[in-house]
Asks: 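Have a look at this one before I ask anything.
The model shown is predicted, which means the values in this text are computed figures rather than measured ones.
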Amino acid sequence: MNPEMIGHINNDELKNDINELRDVLNEMCALAENAEDMEKIVVVSQQMDTLIVKYMIEEYKYLQVITINPIG
């Protein structure tokens, strides 16, 4: 994952990045053989956590807008 991925605002892009990282993380876990591999897994997991939190914040903002300014 590129560090700039964390700067996304678009939730569709965030979802894609989260899914991409999930696939990478699953593969890394399946192939982990030593402590160095586990350290890399922790880094990727932390990156995914950051994206998930950003996604949740953006969803909350969206829900606030919809609640304050309902359509229709």
Side-chain angles (χ1 to χ4, degrees):
M1 181 183 91
N2 296 329
E4 56 269 9
M5 290 172 96
I6 295 174
H8 284 316
I9 296 173
N10 183 315
N11 267 10
D12 290 334
E13 292 177 15
L14 280 170
K15 278 197 264 189
N16 289 337
D17 292 342
I18 291 167
N19 288 331
E20 178 184 322
L21 268 181
R22 183 181 297 118
D23 291 342
V24 169
L25 191 57
N26 286 338
E27 186 174 338
M28 290 174 73
C29 288
L31 300 174
E33 295 181 355
N34 54 45
E36 184 179 326
D37 292 341
M38 296 306 290
E39 289 175 19
K40 291 177 184 176
I41 289 170
V42 169
V43 170
V44 173
S45 180
Q46 290 171 336
Q47 290 173 337
M48 193 164 93
D49 290 346
T50 300
L51 288 176
I52 291 169
V53 169
K54 181 143 182 79
Y55 177 84
M56 292 170 58
I57 289 169
E58 293 303 320
E59 280 294 301
Y60 176 76
K61 288 179 189 176
Y62 175 75
L63 290 174
Q64 292 293 35
V65 168
I66 295 299
T67 303
I68 294 169
N69 300 313
I71 299 171

Asks: Check side-chain contact (heavy atoms from CB on, under 4.5 Å) between Met38 and all other residues, then give those that pass, not counting sequence neighbours.
Replies: Ala32, Ile41

Asks: According to side-chain contact (heavy atoms from CB on, under 4.5 Å), who are the partners of Asn34, at least two apart in sequence or on a separate chain?
Replies: Glu36, Asp37

Asks: Nearest 0.5 angstrom please: Asn16 CG to Asn10 CG, how far?
Replies: 8.5 Å

Asks: Quick check: closest heavy atoms across Lys54 and Leu14, and the distance to 0.1 Å?
Replies: CG-CD1, 3.9 Å

Asks: Measure the spacing between NZ of Lys61 and CD of Gln64 and express it to the nearest 0.5 Å.
Replies: 11.0 Å

Asks: Mind checking salt bridge (charged side-chain N to carboxylate O under 4.0 Å, His left out) for Lys15 and listing every partner two or more places apart, or none if nothing turns up?
Replies: none

Asks: Identify the two heavy atoms, one from Val44 and one from Met28, that lie closest to each other, and give their separation to 0.1 Å.
Replies: CG2-SD, 3.7 Å

Asks: If you link ILVMFWY side chains whenever their heavy atoms are less than 4.5 Å apart, which other residues fall into the same cluster as Ile57? By chain and number, please.
Replies: Val53

Asks: Got a second to check how far Met48's CE is from Asn19's CG, nearest 0.5 Å?
Replies: 9.0 Å

Asks: Looking at Tyr55 and Ile18, what are the two nearest heavy atoms and their distance?
Replies: CB-CD1, 4.0 Å

Asks: Nearest 0.5 angstrom please: Ile52 CD1 to Arg22 CZ, how far?
Replies: 6.5 Å

Asks: Quick one: list whatever passes side-chain contact (heavy atoms from CB on, under 4.5 Å) with Glu27, sequence neighbours left out.
Replies: Leu31

Asks: Would you name the heavy atoms of Glu58 and Asn11 that are closest together and state the gap between them?
Replies: CB-OD1, 3.0 Å

Asks: Check the pair Gln46 / Val42 against side chain to side chain contact (heavy atoms under 4.5 Å, CB included), numbers first and verdict last.
Replies: CA-CA 6 Å; Gln46 290 171 336; Val42 169; 3.8 Å; yes

